[in-house]
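Position 1 is the first residue of the sequence; numbering continues from there. In this text the structure is predicted, and so the values were computed from the model without any measurement.
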Amino acid sequence: YKPLMKYSDIVVGLQTGENDRFLRFWWEVEQEDISLDYKSDRKKWVPYAKGGPYNKWYGNLWYTVDWENDGEEIKGFVDESGKLKSRPQNESYYFREGLTIQRVTSGIPTVRLFPTNHIFDSAVSAVFSDKISSERLMSIMLSRVFSSILQIENPTTNKQAGEVKTVPIPDPSALGSKTISSTEIRGLLGSLSHHSPLS
């Protein structure tokens, strides 16, 4: 078995410096101001994948973030001494489909799919892969074996990206039908009701 980082990139995301200032629930802003494809429409509010209560597979996509002019205000957000308060990390991964794994959890790690055109928060570790489909990777990460190994590596409630990276997983190409299929997961996602209408 090889560590997860051999098949995917595990990164942390945006730290706004003041969520009350830069985040809104999607129902708190005008719908026409929410981006459906930021690369083409350049709208102010962009869907935002954050943490939230236990909810595996999908969901908790309630937030939008002020990313007007490529996050100009967030990137210029400084304190009285001129020190930058925000941390817009790993921007090259913004707007890609990926997975979030909850960093703070008291039980089984929560892994959820978030679609394209989202920015992700520093409260989660985001997982991206060009080698494995998101659905297959999620089914591996939601297995009892993955959760147990991660718990052994870090028995505390705060699971860092560096620890998620090192969890060994089987070669996905050798698993055959042992993992839930993409069709089954897509059907499951379509049946869930606790999600943003933007996704």
Side-chain angles (χ1 to χ4, degrees), residues 4-5 8-29 33-35 37-39 41-56 58-107 109-129 134 137-138 141 150 153-154 156-167 195-196 198-199:
L4 179 62
M5 63 185 175
S8 59
D9 297 327
I10 301 92
V11 299
V12 293
L14 174 63
Q15 183 177 324
T16 67
E18 190 176 316
N19 283 346
D20 288 344
R21 176 172 179 169
F22 295 110
L23 300 187
R24 296 289 183 274
F25 290 117
W26 62 261
W27 57 84
E28 293 181 312
V29 299
D33 294 332
I34 300 177
S35 171
D37 181 3
Y38 186 77
K39 292 180 180 178
D41 63 32
R42 311 289 293 179
K43 292 184 178 179
K44 177 175 181 175
W45 297 99
V46 170
Y48 195 63
K50 203 173 178 296
Y54 178 78
N55 192 12
K56 66 181 180 180
Y58 193 75
N60 297 356
L61 298 175
W62 306 317
Y63 289 96
T64 60
V65 62
D66 179 356
W67 200 246
E68 191 170 22
N69 297 325
D70 293 315
E72 180 179 23
E73 188 173 352
I74 289 177
K75 291 176 181 178
F77 186 43
V78 297
D79 62 19
E80 296 78 7
S81 65
K83 182 180 178 181
L84 187 65
K85 296 177 69 173
S86 63
R87 292 187 67 193
Q89 306 166 96
N90 298 301
E91 284 188 65
S92 62
Y93 292 92
Y94 293 2
F95 308 112
R96 291 178 54 183
E97 177 184 279
L99 306 175
T100 60
I101 179 167
Q102 198 88 358
R103 290 180 62 188
V104 178
T105 176
S106 58
T110 303
V111 182
R112 291 189 289 266
L113 176 74
F114 65 92
T116 57
N117 201 52
H118 278 66
I119 294 175
F120 51 95
D121 188 78
S122 61
V124 296
S125 296
V127 184
F128 302 90
S129 179
S134 296
L137 187 57
M138 179 164 55
M141 293 177 67
L150 184 58
E153 288 191 348
N154 181 356
T156 72
T157 59
N158 196 337
K159 316 297 185 188
Q160 298 295 322
E163 294 144 0
V164 175
K165 289 179 180 182
T166 61
V167 176
H195 60 84
S196 162
L198 302 170
S199 54

**Distance (rounded to the nearest 0.5 Å) between Tyr54 OH and Asn60 CG** = 11.5 Å

**Message:** Just so I know, are the side chains of Arg112 and Asn55 near enough to count as touching, which here means a heavy-atom distance under 4.5 Å?
**Reply:** yes

**Message:** Could you check whether any side-chain N or O of Thr64 sits under 3.5 Å from a backbone N or O of Arg24, counting only pairs where one atom can act as donor and the other as acceptor?
**Reply:** yes

**Atom of Ser134, atom of Leu113 and distance for their closest heavy-atom approach** = CB-CD1, 3.6 Å

**Complete:** Smallest heavy-atom separation, Val12 atom then Ser125 atom, equals CG1-OG, 4.5 Å

**Message:** How long is the straight-line distance from CD of Glu18 back to CG of Leu23, given to the nearest 0.5 Å?
**Reply:** 10.0 Å

**Message:** Less than 4.5 Å apart, side chain to side chain, heavy atoms only: is that true for Val124 and Lys50?
**Reply:** no

**Message:** Please verify the inter-ring angle class for Phe114 with His118; under 30° counts as parallel, over 60° as perpendicular, anything in between as tilted.
**Reply:** tilted

**Prompt:** Do Phe77 and Phe22 have ring centroids that are under 6.0 Å from one another?
**Reply:** yes

**Prompt:** Taking all non-hydrogen atoms of both residues, which atom of Ser35 and which atom of Asn117 are closest, and how far apart?
**Reply:** O-ND2, 3.1 Å

**Asked** Are Leu61 and Pro115 side-chain neighbours, meaning at least one heavy-atom pair lies under 4.5 Å?
**Response** yes

**Complete:** Taken to the nearest 0.5 Å, the spacing of Ile101 CD1 from Met141 CE works out to 4.0 Å

**Message:** Nearest 0.5 angstrom please: Trp67 CH2 to Ile119 CD1, how far?
**Reply:** 5.0 Å

**Message:** Suppose we call two aromatic rings close when their centres sit under 6.0 Å apart. Are Tyr48 and Phe120 close by that rule?
**Reply:** no

**Request:** Measure the shortest side-chain to side-chain distance between Glu97 and Thr116 over non-hydrogen atoms and say whether it is less than 4.5 angstrom.
**Result:** yes

**Request:** Taking the side chain as every heavy atom from C-beta outward, state whether Thr16 and Ser86 have any pair of such atoms under 4.5 Å apart.
**Result:** no

**Message:** So, taking the atom named CG in Asp121 and the one named CD in Gln15, what distance separates them when rounded to the nearest 0.5 Å?
**Reply:** 8.0 Å

**Prompt:** For residues 77-93, which residue pairs qualify under salt bridge (charged side-chain N to carboxylate O under 4.0 Å, His left out), counting only residues two or more places apart or in two chains?
**Reply:** Lys75-Glu91

**Message:** Does any part of the side chain of Ile74, heavy atoms only, come nearer than 4.5 Å to the side chain of Val65, both counted from C-beta?
**Reply:** yes

**Request:** Would you check, one step at a time, whether the test side chain to side chain contact (heavy atoms under 4.5 Å, CB included) holds for Arg42 with Asp70?
**Result:** CA-CA 8 Å; Arg42 311 289 293 179; Asp70 293 315; 2.8 Å; yes

**Message:** When you measure from the side chain of Gln89 to the backbone of Gly13, do you find a donor-acceptor pair of N or O atoms at a distance under 3.5 Å?
**Reply:** yes

**Message:** Can you tell me which residue among Phe95, Tyr93, Tyr94 is in a ring pair (Phe, Tyr, Trp, His ring centres under 6.0 Å) with Phe128?
**Reply:** Tyr93

**Asked** Which atoms form the tightest heavy-atom contact between Thr100 and Ala49, and what is the distance?
**Response** CG2-CB, 4.2 Å

**Prompt:** Which distance, rounded to the nearest 0.5 Å, do you find between the CD of Glu163 and the CG of Leu4?
**Reply:** 13.0 Å

